[in-house]
Structure formats: C-alpha cells, structure tokens
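For ligands, and for the atoms within them, numbers begin at 1 and follow the listed sequence.
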Amino acid sequence: MPQRARQDDEAFNQSPPFADVNLFASDRALGEAVTREGASWARTGLEAFGALTGSARALELGRLANACPPRLESFDAQGRRIDEVEFHPAYHQVMAISTAQGLHCSTFEHLKSGEQPKRGAHVARCAGSYMAAQMEPGHCCPITMTHAVVASLMHEPELARRWLPKIIVRDYDPSQQPAEAKRAVTFGMGMTERQGGSDVRANTTRAEPVAGAGSGKLYRIAGQKWFLSAPMSDLFLVLAQAKGGLSCFLLPRLRGDGSLNGFRLLRLKDKLGNRSNASSEVEFEDAEGVLVGEEGRGIATIIDMVTFTRLDCAVSSAGLMRQALARAIHHAGYRCVFQKKLIDQPLMAQVLADMALDVEAATALSFRLARAFDGGEDDGEAAYRRLMTPVTKYWVCKTAPALVGEAMECMGGNGYVEEGGFPLLYREVPVNAIWEGSGNVMCLDVLRVLEKEPETVERVVADLADAARGDARLRPAVENVRSLVADCAREQRAARSLVERLAVLAAGTLLLEHAPKAISDSFLATRLAGGWRHTYGATSGRADTRAILARAAPSLG
Ligand SMILES: Cc1cc2nc3c(=O)[nH]c(=O)nc-3n(C[C@H](O)[C@H](O)[C@H](O)COP(=O)(O)OP(=O)(O)OC[C@H]3O[C@@H](n4cnc5c(N)ncnc54)[C@H](O)[C@@H]3O)c2cc1C
C-alpha cells in the first residue's frame with residue numbers, strides 16, 4: 001500500500017520558530033558592552049525590554065507593521081485635502097513600546113529635573129534601540145529623529161522651553177491635533193531635495209520672513225522635499241534658503257487651529273525596505289516656520305541632530321546583524337544535513353563563527369561610540385565622538401548588508417521566504433548606509449576632520465596606539481593608519497581605506513581588551529593581518545569556532 005503523504009503538522013528536521021528570545025539576556029556581547037561602557041545600572045530594565053522586544057507577540061507586531069505598510073490618504077470623502085498617512089495598528093504599538101522605554105528621550109530626562117546627565121544614559125538608550133531595531137526597524141526612524149532633534153533645539157532656548165516638555169515624556173500620542181494640544185510629540189527632518197541630499201546647499205526651498213528676520217522669528221516657506229520620512233510627525237526641522245543663506249526652520253505639521261500648515265504630501269516612496277515607516281515627497285506652500293539659530297547657519301544648526309542620528313544608524317545596524325546571526329545559529333543548531341546538525345559541519349561552523357566576529361566588532365564599536373556621547377566635554381571623548389562617529393557609521397552600516405545576506409543563506413530556502421523574517425531584515429539593512437550621510441560622505445567628513453582638526457585625529461590615533469602597544473598584531477595596524485592619514489592629505493581617494501582601517505583597528509583594540517581570546521585572536525588574525533577575503537568563512541585562520549559559537553548562540557525562552 002502506498003504510504004500516506006506526511007501532513008503539514010508532521011514537519012520534521014526544521015528549527016522551531018525564532019521567538020520568545022530575550023534579546024538582552026541571550027546576547028553576551030551586548031550585555032558586556034552595556035556594563036563596560038557605563039550603563040550597568042540599566043541592566044534590569046534592559047533585560048525586561050529584551051524579553052518584551054524578543055517576545056513572539058512583539059516580533060509579530062514587527063512583521064505586521066511591514067506586511068501592511070502605511071497608505072497616503074490625500075482627500076477625505078468629500079474631496080477636502082487631508083494629507084494623512086494611515087498606519088496599521090501594529091506600527092502604533094511598536095511606537096508605543098519604544099516610547100514607553102524612553103528611546104526618544106531618555107538621555108535628556110535630566111533636563112526636566114535640572115540634574116547632571118546620568119552617566120551611561122546614551123549607552124543604556126542605545127542598548128534599547130539595538131533591541132527595538134530587532135523587533136521592528138522602521139519605527140526607529142521617527143524615534144531617532146525625535147531624540148536627536150533635542151540637540152538642535154537647544155540652539156533656541158525659547159523653542160527648547162516650549163517643546164522639550166512634550167518630547168521628554170515616555171508617551172506616544174498619534175492623535176491628529178495641533179502639537180500644542182498633544183501630550184507627546186514626534187519630530188521629523190526635511191533636508192533632502194531632488195537637487196541634492198548630500199549637497200544640501202543646492203536646496204531651492206525658500207523662506208521669507210513674515211514680519212522681521214532673525215532667530216525665533218516667523219517665516220513662510222515654499223518648495224519641495226524629495227524625502228521626508230515619518231510625515232505624520234507633529235513638527236519638523238527643515239532647511240530652506242533665506243536671504244542670509246541656507247537656514248534651519250521649525251515647522252509644525254498642523255497650525256494652531258488644526259488646519260494643515262501648508263503641507264502637501266505628494267506621494268509616499270515605494271521603498272525596498274523600511275516599509276513600516278512612511279517616507280514622503282512633500283510640497284510646502286506658505287508653510288509657517290520659526291527660524292532656529294541664525295540665518296545662513298542652517299547646516300551648523302541641524303548637524304547636531306544629524307550627528308545623533310548617525311550613532312543610531314550604527315547601533316541599529318549592529319542590532320540587525322545580531323538578529324541575523326542569532327537566527328542563523330538557531331537554525332543551524334536544529335537542522336540536520338547529511339546526518340549531522342549544520343552547526344557541527346565544520347564549513348558551516350566556520351561561516352557562522354566568522355560572521356560572529358563582525359557582530360562582536362560592530363557591537364563593541366557602536367557602544368564605545370555611545371560612551372563617547374556620554375562623555376560630554378571631556379577632550380578625549382569629544383575627539384572620539386567627532387572622528388569615530390562617521391568611521392563607525394561607515395563601517396558598521398556597510399558591513400551589515402553582506403552579513404545579513406550570508407546569514408540568510410545559512411537558513412537555506414527558508415531564509416528567502418517572507419514568514420521566516422529574513423526578507424524583512426535583508427531589505428531593511430542597506431538603508432542605514434544610505435541615509436544620514438552615505439558612505440562616501442562619511443569618508444569626506446573624516447577628511448574634513450583631518451584638514452580642520454588634525455589634533456583630533458592625532459588624539460584618537462594616539463589613544464588607539466596606546467591600547468595597541470602590547471600587541472604585535474595591532475602595532476602595524478597603527479602604523480598603517482598613520483600612513484593612510486598622510487595619504488589622505490594628498491589624495492581624497494585614500495579615504496575609504498583610512499576609514500575602514502581605523503574602524504578595524506578600533507574594533508581590534510576593543511576586542512583584544514574585552515572579548516574572549518577565541519574572538520579577539522580570530523578577529524586580529526583575519527581582519528588585521530590581511531587575510532580577509534570579502535566572503536564569510538573564506539579566511540585561512542584556525543578559529544576556535546566552537547567557543548565563538550557557544551558565546552553567540554541565542555537561547556529561546
Ligand atoms: C528610506 C529613506 C528615507 C529618507 N528620509 C529622509 C528624511 O526624512 N529627511 C531627509 O532629509 N532625507 C531623507 N532621506 C534622504 C537621504 O538622506 C539621502 O538620500 C542621502 O543623504 C543621499 O542623498 P541623495 O539621495 O541626494 O544622493 P547624492 O547626494 O546624489 O549621493 C549619491 C551618492 O554619491 C555619493 N557622494 C556624494 N557626494 C560625493 C562626493 N563629493 N564624492 C564622492 N561621492 C559622493 C554619496 O555617498 C552617494 O553614494 C531618506 C532616504 C531614504 C532612502
């Protein structure tokens with residue numbers, strides 16, 4: 001008799017769903033980074049947040065928010081212009097989860113009480129963001145912008161006094177009301193125009209004063225923005241040309257009477273990934289905005305916001321790398337191929353362990369940078385922040401897409417299928433390299449530091465040289481960086497080499513000092529000694545793959 005075909009519910013040799021995993025407790029590199037970089041006080045809260053963001057329910061919210069992306073509703077039933085974006089309820093739920101954790105404001109909470117900034121506040125917040133990105137990456141865009149805007153608002157004490165109380169509140173209020181009437185507000189940012197995103201000086205949007213020019217005064221703004229994400233935010237920082245040059249303005253989306261403030265959403269971008277987050281093309285027609293900072297100082301004013309968002313790009317990419325690796329290791333621990341679990345196949349173990357090295361490096365670099373943001377006016381930390389923000393953003397965000405692609409392949413065909421979650425990660429991950437300053441722009445920023453503040457570069461390189469002093473593998477890397485600094489003074493095209501070598505050197509010093517020997521030995525042997533081959537697992541080093549994977553393996557609750 002022919003045997004009955006296996007039924008769906010009898011599937012065997014498949015890994016259990018990746019869910020109910022504590023994204024903090026099961027990530028040793030993250031936990032150690034949080035403690036090392038000054039936020040051990042936050043561990044209990046982070047562990048609870050790790051359980052929440054890695055729960056089956058939260059991961060399902062993340063899936064839904066992307067599977068049912070936002071829709072633009074330009075008109076109401078009677079044909080009146082409304083320019084509203086409708087989101088799936090899951091999007092609002094993930095926003096509520098992240099705002100309740102304070103990811104949009106926690107580092108500024110001391111401003112309310114008049115206390116000193118809490119040591120480790122940026123590190124603790126970044127740990128939350130790293131996990132929130134794994135739950136659902138798209139909503140991190142408005143969360144990041146709302147957090148980052150505080151740095152620019154501080155340029156205008158009156159605006160800070162008015163809006164900070166509605167930012168620094170662990171609440172989320174998506175209601176359609178004038179910003180003044182809301183419990184909590186979110187912020188967006190409008191810099192990019194069709195003519196230029198990297199080169200925003202090419203912007204043509206114009207601003208005319210209503211009754212007298214100057215900081216804090218009202219202007220009318222007209223023009224278009226080619227990318228404006230989170231267009232349902234309550235307020236935006238926008239660049240526009242005033243008489244004195246490119247300037248920064250604060251625009252509410254709705255006027256005090258609830259009418260649209262000259263905003264027309266022309267369309268939503270049909271994006272590769274980042275689908276839960278709406279990104280619009282928008283036209284301003286007589287939109288009213290207040291000048292922030294001085295006329296002509298728009299970039300100088302908004303750059304503080306942008307610097308914060310660059311940190312978040314690195315942290316979020318590190319989180320996505322971790323999520324991809326954890327899912328791949330999880331799968332390889334169950335799936336048997338040729339009578340052996342995948343994880344016990346030496347070639348697969350080599351690939352997974354090699355990826356784990358970059359996840360360790362990305363995590364270590366991102367959280368070291370977060371500590372520099374906690375460092376305030378300290379000279380060494382300020383120098384690290386200035387130089388290593390573009391370096392870290394460049395390296396982590398550029399490493400992530402290749403890693404996520406390789407991790408997807410470890411899952412076999414299941415990796416390519418929507419329900420498994422990998423397509424979401426894979427589509428999402430390139431965006432962090434593109435926005436907030438693409439790769440070359442990060443390199444040009446490093447060249448700017450070289451030219452304008454050579455002492456900053458010397459300070460950071462000297463500190464790295466100190467950390468490398470006792471290690472024969474790291475010392476040549478310091479010399480290599482020094483000679484690339486000299487090359488860059490002569491020719492721009494050496495910049496990518498310098499930025500990459502600086503990132504790898506900084507990661508190497510961190511891993512040497514803090515990671516288990518199996519990790520640091522392999523990282524130094526493969527990433528510094530020139531054996532790196534552009535694909536994972538193709539290195540010649542004899543890594544202790546068992547030790548590396550034992551550390552990286554996630555555990556399901
Ligand atoms: C999903 C998404 C959401 C976005 N949301 C927003 C938003 O909310 N607000 C906003 O203002 N912008 C937003 N952007 C825009 C984004 O910041 C820009 O796309 C980005 O800054 C690049 O600008 P561009 O597209 O004009 O490209 P370009 O400036 O034309 O750059 C193209 C390429 O050239 C490189 N390049 C630029 N200058 C040089 C140079 N001198 N030498 C060598 N190479 C160079 C860049 O690195 C890049 O790779 C968003 C983009 C995306 C994809």
Side-chain angles (χ1 to χ4, degrees), residues 66 69-70 85 133 137-149 152 186-205 221 223-240 246 248-249 251 253 263 265-284 298-299 301-303 305-310 312-313 316-317 390 393-395 397-398 401 424 427-448 451 488 491-499:
N66 286 276
V85 178
H139 82 291
C140 295
C141 171
I143 293 286
T144 283
M145 292 194 290
T146 304
H147 174 254
V149 79
S152 289
T186 56
F187 274 76
M189 169 168 67
M191 298 194 294
T192 307
E193 297 186 10
R194 240 175 305 185
Q195 307 83 348
S198 310
D199 181 10
V200 287
R201 288 188 194 278
N203 279 191
T204 60
T205 295
I221 295 172
Q224 289 188 354
K225 294 289 168 186
W226 186 233
F227 277 95
L228 184 94
S229 287
M232 296 310 280
S233 300
D234 301 292
L235 299 121
F236 300 84
L237 282 194
V238 166
L239 292 180
L246 193 66
C248 180
F249 296 90
L251 265 71
R253 191 170 55 80
F263 269 62
L265 299 183
L266 303 178
R267 62 174 169 170
L268 296 188
K269 301 283 192 189
D270 184 6
K271 295 176 288 183
L272 167 69
N274 194 250
R275 295 185 74 82
S276 67
N277 177 35
S279 300
S280 66
E281 290 165 24
V282 62
E283 184 167 51
F284 302 129
I299 295 177
T301 305
I302 211 166
I303 198 70
M305 176 176 187
V306 173
T307 300
F308 273 81
T309 65
R310 288 176 179 169
D312 282 10
C313 288
S316 145
S317 282
K393 198 244 182 208
Y394 175 91
W395 189 81
C397 298
K398 287 213 156 290
L424 192 163
R427 287 193 298 260
E428 178 73 24
V429 78
V431 77
N432 283 329
I434 294 175
W435 61 14
E436 307 307 335
S438 312
N440 284 353
V441 172
M442 292 299 89
C443 295
L444 293 172
D445 194 33
V446 168
L447 293 189
R448 198 168 304 122
E451 193 192 11
C488 283
E491 50 177 358
Q492 189 188 82
R493 64 184 172 169
R496 278 198 177 213
S497 297
L498 171 63
V499 171

Inset, instruction - Mind checking whether Leu228 contacts ligand 1 via backbone (N, CA, C, O), side chain (CB onward), both or neither, at a 4.0 Å heavy-atom cut-off? - result: backbone

Legend entry - Polar proximity ligand 1 side, Asn440 side, N/O cut 3.5 Å exclusive: yes

Inset, instruction - Give the intermediate values and the outcome of side-chain hydrogen bond (donor to acceptor under 3.5 Å, both in side chains) for residues Gln224 and Thr205. - result: CA-CA 6 Å; Gln224 289 188 354; Thr205 295; over 6 Å; no

Legend entry - Cation-pi geometry met for Lys225 and Phe284 (6.0 Å, 45°): no

Legend entry - Test item, Gly196 contacting ligand 1 (heavy atom, 4.0 angstrom): yes

Inset, instruction - For Met189, counting its heavy atoms only, list the atoms of ligand 1 lying under 4.0 Å from any of them. - result: 7 (C), 8 (O), 9 (N), 10 (C), 11 (O)

Inset, instruction - Report yes if some N/O of Asn274 lies less than 3.5 Å from some N/O of ligand 1; otherwise report no. - result: no

Legend entry - Shortest protein contact, atom 27 (O) of ligand 1 (heavy atom only): Ser198 OG, 4.2 Å

Legend entry - Heteroatom distance test (Met191, ligand 1): nitrogen or oxygen, under 3.5 angstrom: yes

Inset, instruction - Taking the side chain as every heavy atom from C-beta outward, state whether Arg496 and Asn440 have any pair of such atoms under 4.5 Å apart. - result: yes

Legend entry - Atoms in ligand 1 flagged as close to Ile434, the criterion being non-hydrogen separation under 4.0 Å: 20 (C)

Inset, instruction - Classify the angle between the aromatic ring planes of Phe263 and Phe236 as parallel (below 30°), tilted (30 to 60°) or perpendicular (above 60°). - result: tilted

Legend entry - Side chain proximity check, Ser279 to Asn274, heavy atoms < 4.5 angstrom: yes

Inset, instruction - Indicate yes or no: does an N/O atom of Asp199 lie under 3.5 Å from an N/O atom of ligand 1? - result: no

Inset, instruction - Taking atom 41 (N) of ligand 1 as the reference point, report whether a protein heavy atom occurs under 4.0 Å from it. - result: yes

